[in-house]
**Student:** 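Please find one structure pasted underneath; my questions will follow.
Every heavy atom of this structure was used, including side-chain atoms; hydrogens, water molecules and symmetry mates were not.
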Amino acid sequence: MITSRFPSFTAYPSAWSYIVYLGSHDHGEGVTEADFDRVTETHHEFLQSYLGSYEKAKDAMIYSYTRNINGFAAILEEKHASQIAEHPNVVSVLLNRGRKLHTTHSWEFMSMEQNGVTPSESLFRKARYGEDTIIGNLDTGVWPESPSFRDEGIGPIPSRWKGTCEGDITGFRCNRKLIGARYFNRGYAAYAGPKTIQNHTLNTARDYEGHGSHTLSTIGGNFVQGANIFGLGNGTAKGGSPKARVATYKVCWPPIDGNECFDADIMAAFDMAIHDGVDVLSLSLGGSAFNYFEDGLSISAFHAVKKGITVLCSAGNSGPTPATVSNIAPWILTVAASTLDREFHTGVQLHNGQRFKGASLSKALPENKLYPLISAAEAKLAEASVEDAILCMEGTIDPKKARGQILVCLRGETARVEKSLVAFEAGAAGMILCNDMTSGNELISDPHFLPTSHINYEDGVAVYAYINSTKNPLGYIHPPITKLNIKHSPSMATFSSRGPNTITPEILKPDVTAPGVNIIAAYSGAVSPTEMEFDKRRVPFITMSGTSMSCPHVAGIVGLLKTLHPDWSPSAIKSAIMTTARTRDNTAKPILDNNNMKATPFAYGSGHIRPNRAMDPGLVYELNINDYLNFLCFLGYNKTQIKMFSGNHYHCHDINILDFNYPSITVPKLYGSVTLTRKLKNVGPPGTYVASLRVPKGLFIFVEPNILKFDNIGEEKSFKVIIEVARSGVATVFGGLTWSDGKHYVRSPIVVGGVKG
């Protein structure tokens, strides 16, 4: 059952910022600025009827969404928001919710050539390096002077582009590569207070944080030879679509109460990006999952997809906890994060002969000798607790005890580089950072302040055991080196948010996984590698980790596919990427989770992306706007909401949600048996496809028919999948369905939960 159009605001003050969502605009061709002004006028008049005067309405309004999204954001009393929510022309009233960037960087909570999912040169050439595609990025902006955004080798700006470049006092400039830059901060100011944005750094599309430059260059950065981070990972940097035009829409700002990106700004950016003419939109941000009409990002993404724009979002960094995945709307391509086959090794050697693999971007120890080791608990100040000291929290380490020694710290609670700062200020020679049990095998290469090695949980236990077993423990941290062709790659990142989908469990989320750990890409010239003010280092490239980093990898691939197949819909592109993904690593073994156990579709969705296969998938699962509207009808949204949402008089058709033509198959609860339907569309040569099944224990699965013959491009064929209980009492199980003509392999994961006879 769908909740009220007006959510509960009992936890919020009486005056708050809200978004009044009124549905769609359909301006048609020849729309003018005067038309947009008239929309704003009607919004003011609408709000005036509740606030009592036109001036009050103008003062209260934050944004008027005039181009594609119909609605406005305003500061309202709770009583007025409640009254507005009851108006028959209002689809929903949303809170101006805050969201977070999905990067771990140096905190707890790009280069495609270097990052392990390089499209083949054949794909690059066929897709002309994405040169016909315009890709937008909603993030912290861009550092336009980065070499990744130079326009050498880039042709004239496409005539269809309607965007602009909003300059600033720093001399921000666009070019033929970076063709658009806008910033949106009114929703942020409504939360933080208007005085907050008086700082010039908050009135610009320039990136003062580094995140936006990193993600945008991963999507579409130009070729940069000799890219590296502190001399490591040297190679030629290029984005997924290196010749694509890129545009930045700055919607994320310095955190306030943990919130960086607000829905009022996100919706304004979407409204403008759709108008500007982007082909792809990438968002490496998110928050908790909400019902679709209470989620400003979900609403905005629908409007973009309706215009043929593919929207990609990061899955979130709340893993490995189950049911934490965000950005779960079926019209969004949701991306998890996994490792790649390149690591920055910083080994640990103990005096007893034990050696452990670690990770870091730190400098080498001053001397090639063994150094004394000390656990942070033993090095604590007298007044500090053991619990705080073992985590190397600020103000817990005694310099008299730590000086000249390698300090052993436990991961958790505070930033990883903050721990190295604590060790550095205490005079330690180096630091060994040990994972806790939750972090498992996840290793992050950070630019630490002193020689550091980040090791996994099992190895950390061994280090602590060694320290406790001898009076004079000694060890050494080897300088970092770049290692390629790492085996058992990819594996799932610990932080990557997991399914199941908490809003619509019948839709498997995330959709796919892509590289998101220790990714090298462009950085901001305004911030240090550690993001700490006293760190005066500046670098053109940096490593970051998070689903923020994996999402733009896929966005870059989408840019290539849009150029290669301009007639493909967003759902066809999504299907091509999903059904060609792989679930095995580079040793042909199943992809592993952070605990060395076999990962499941709740972690990686359909699997790890394979760009070269995606350009020629053979068949796709197509979904159109009416399919999405029927999906919403099934969920209980009323006809009035659907009409305003879609912008036309749409009549709901009864569907079974299990028949929703998604490229994955999920049955949250199975009682006895179920029959579901899917439809495949041929986007390749004529061929005969035969179904094969991977059937999990406890089930019988059948496909009817199990052979599909396609004679023409665009031809569609339906089939049924019958799933029956063979043995009840089985927990969630995972299988798969593959259609193949001998050349193409169209694979769908099957997830069945709560099996009962």
**Student:** Would you please test Cys174 and Cys165 for disulfide bond (SG atoms under 2.5 Å apart) and show each step?
**Tutor:** CA-CA 6 Å; Cys174 295; Cys165 186; 2.1 Å; yes

**Student:** Between Ser548 (side chain only) and His102 (backbone N and O only), is there a donor and an acceptor less than 3.5 Å apart?
**Tutor:**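 Checking the backbone N and O of His102 against the side chain of Ser548, a donor-acceptor pair under 3.5 Å is found.
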
**Student:** How far apart are the C-alpha atoms of Val20 and Val90, what are their side-chain angles, what is the distance that settles it, and do they pass the side-chain contact (heavy atoms from CB on, under 4.5 Å) test?
**Tutor:** CA-CA 7 Å; Val20 178; Val90 172; 4.2 Å; yes

**Student:** Identify the heavy atoms of Arg150 and Glu152 that sit nearest to each other, and give their distance.
**Tutor:**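 Nearest heavy atoms, Arg150 then Glu152: CB-OE1, 2.7 Å.
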
**Student:** Do NZ/NE/NH1/NH2 and the carboxylate oxygens of Lys562 and Asp132 come within less than 4.0 Å?
**Tutor:**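 Result for this pair is no, no salt bridge flagged.
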
**Student:** Which residue pairs pass the salt bridge (Lys or Arg N to Asp or Glu O under 4.0 Å) test with at least one member in residues 538-550, sequence neighbours excluded?
**Tutor:**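 The answer is none; no pair qualifies.
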
**Student:** Could you walk me through whether Asp207 and Glu209 pass the side-chain contact (heavy atoms from CB on, under 4.5 Å) test, one step at a time?
**Tutor:** CA-CA 6 Å; Asp207 180 11; Glu209 197 267 358; 3.7 Å; yes

**Student:** Identify the two heavy atoms, one from Lys177 and one from Asn222, that lie closest to each other, and give their separation to 0.1 Å.
**Tutor:**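 Heavy atoms only, the tightest pair is CE-N, 4.0 Å.
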
**Student:** Judged by atom type as modelled, is there a donor-acceptor pair below 3.5 Å linking the side chain of Asp265 to the main-chain atoms of Tyr188?
**Tutor:**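 Yes: the side chain of Asp265 pairs with the backbone of Tyr188.
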
**Student:** Identify, with sequence neighbours excluded, every residue that meets side chain to side chain contact (heavy atoms under 4.5 Å, CB included) alongside Thr504.
**Tutor:**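 Listed in chain order: Tyr292, Asn501, Glu506, Ile507, Phe631, Leu635, Ile657.
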
**Student:** Out of curiosity, Phe270 CZ to Ser300 OG, how far, rounded to the nearest 0.5 Å?
**Tutor:**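 Phe270 CZ to Ser300 OG: 5.5 Å, rounded to 0.5 Å.
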
**Student:** Of all residues at least two apart in sequence or in a different chain, which pass the salt bridge (charged side-chain N to carboxylate O under 4.0 Å, His left out) check with Glu622?
**Tutor:**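 So Glu622 forms a salt bridge (charged side-chain N to carboxylate O under 4.0 Å, His left out) with Lys681.
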
**Student:** Indicate the atoms forming the closest heavy-atom contact of Leu632 with Trp331, along with that distance.
**Tutor:**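 The pair with the smallest heavy-atom distance is CD2-CH2, 4.0 Å.
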
**Student:** Could you check Leu564, Leu333, Thr310 and say which one makes a side-chain contact (heavy atoms from CB on, under 4.5 Å) with Ile573?
**Tutor:**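 The passing option is Thr310.
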
**Student:** Of Lys306, His275, His27, which is the lone residue that meets side-chain contact (heavy atoms from CB on, under 4.5 Å) with Asn68?
**Tutor:**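 Only match with Asn68 under side-chain contact (heavy atoms from CB on, under 4.5 Å): His275.
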
**Student:** Take Phe302 and Phe645, measure what ring-ring contact (aromatic ring centres under 6.0 Å, His included) needs, and give me the verdict at the end.
**Tutor:** CA-CA 9 Å; Phe302 178 88; Phe645 189 54; 4.1 Å; yes

**Student:** List in chain and number order the residues that pass salt bridge (charged side-chain N to carboxylate O under 4.0 Å, His left out) with Asp627, two or more places apart in sequence or in another chain; answer none if no residue qualifies.
**Tutor:**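 For Asp627 there are no salt bridge (charged side-chain N to carboxylate O under 4.0 Å, His left out) partners, ignoring immediate neighbours.
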
**Student:** Between the side chains of Thr40 and Asp37, is a donor N or O closer than 3.5 angstrom to an acceptor N or O?
**Tutor:**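 No, no side-chain donor-acceptor contact under 3.5 Å.
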
**Student:** Using a 6.0 Å cut-off, check whether atom CG of Asp26 has over 12 heavy atoms from anything other than its own residue.
**Tutor:**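 Counting neighbours around CG of Asp26, 12 or fewer heavy atoms of other residues, nucleotides or ligands fall under 6.0 Å, so no.
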
**Student:** Regarding Asp263 and Arg99, does a basic nitrogen lie under 4.0 Å from an acidic carboxylate oxygen?
**Tutor:**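 Looking at Asp263 and Arg99, the cut-off is met.
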
**Student:** Students often mix this up, so state it plainly: with edges at 30° and 60°, are the rings of Phe72 and His43 parallel, tilted or perpendicular?
**Tutor:**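 Answer is tilted, since the angle falls between 30° and 60°.
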
**Student:** Tell me whether Arg206 is salt-bridged to Glu145, with the criterion being a basic N under 4.0 Å from an acidic carboxylate O.
**Tutor:**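 Counted as a salt bridge, because a side-chain N and a carboxylate O are separated by less than 4.0 Å.
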
**Student:** Aromatic rings Phe660 and Tyr628: how do their planes relate, parallel, tilted or perpendicular, breaks at 30° and 60°?
**Tutor:**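 Aromatic pair Phe660/Tyr628 classed tilted.
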
**Student:** Pair Phe290, Ser298 - check side-chain contact (heavy atoms from CB on, under 4.5 Å), show working.
**Tutor:** CA-CA 9 Å; Phe290 291 96; Ser298 173; over 6 Å; no

**Student:** Between Ser241 and Thr133, is a side-chain contact (heavy atoms from CB on, under 4.5 Å) present by the stated rule, with each step listed?
**Tutor:** CA-CA 8 Å; Ser241 289; Thr133 306; 5.6 Å; no

**Student:** For a quick check under 3.5 Å, do Lys250 and Tyr208 share a side-chain donor-acceptor pair by atom type?
**Tutor:**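 Short answer, no.
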
**Student:** Identify, with sequence neighbours excluded, every residue that meets disulfide bond (SG atoms under 2.5 Å apart) alongside Cys261.
**Tutor:**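 Disulfide bond (SG atoms under 2.5 Å apart) list for Cys261, sorted by chain: Cys252.
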
**Student:** Does anything in residues 274-285 form a salt bridge (Lys or Arg N to Asp or Glu O under 4.0 Å)? List the pairs, not counting sequence neighbours.
**Tutor:**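 For residues 274-285, and leaving out neighbouring residues, the salt bridge (Lys or Arg N to Asp or Glu O under 4.0 Å) pairs sorted by first residue read Arg160-Asp279, Arg182-Asp276.
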
**Student:** Do Val335 and Asp511 make a side-chain contact, defined as non-hydrogen atoms from C-beta onward lying under 4.5 Å apart?
**Tutor:**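 Of all side-chain heavy-atom pairs linking Asp511 with Val335, none is under 4.5 Å.
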
**Student:** Are His87 and Phe46, when compared by the centres of their aromatic rings, separated by less than 6.0 Å?
**Tutor:**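 They qualify: ring centres under 6.0 Å apart.
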
**Student:** Distance-only, no hydrogens or angles: does the His214 side chain make a donor-acceptor pair with backbone N or O of Ile542 under 3.5 Å?
**Tutor:**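 Yes.
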
**Student:** List the atom of Ala264, the atom of Ala73, and the distance in Å for their closest heavy-atom pair.
**Tutor:**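 That would be CB-CB, 3.9 Å.
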
**Student:** Would you tell me whether Thr248 and Asn137 have side-chain atoms, one donor and one acceptor, within less than 3.5 Å of each other?
**Tutor:**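 No - no donor-acceptor pair under 3.5 Å links their side chains.
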
**Student:** What is the distance from atom CD1 of Ile69 to atom CE of Met267, rounded to the nearest 0.5 Å?
**Tutor:**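 Answer rounded to 0.5 Å: 4.5 Å.
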
**Student:** Once you measure the plane-to-plane angle for Phe184 and Tyr249, does it fall in the parallel (<30°), tilted (30-60°) or perpendicular (>60°) bin?
**Tutor:**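 Parallel: the ring planes of Phe184 and Tyr249 meet at under 30°.
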
**Student:** For the residue pair Trp16 and Tyr191, does the interplanar ring angle fall in the parallel (under 30°), tilted (30 to 60°) or perpendicular (over 60°) class?
**Tutor:**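 Trp16 vs Tyr191 ring planes: perpendicular.
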
**Student:** Side chains of Ser569 and Ser571: do they bring a donor and an acceptor to under 3.5 Å?
**Tutor:**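 Yes, because at least one side-chain N or O of Ser569 sits under 3.5 Å from a partner of the opposite role on Ser571.
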
**Student:** Kindly assign one of parallel, tilted or perpendicular to the pair Tyr54 and His44, based on the angle between their ring planes and the thresholds 30° and 60°.
**Tutor:**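 If you compare the ring of Tyr54 with that of His44, the planes turn out perpendicular.
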
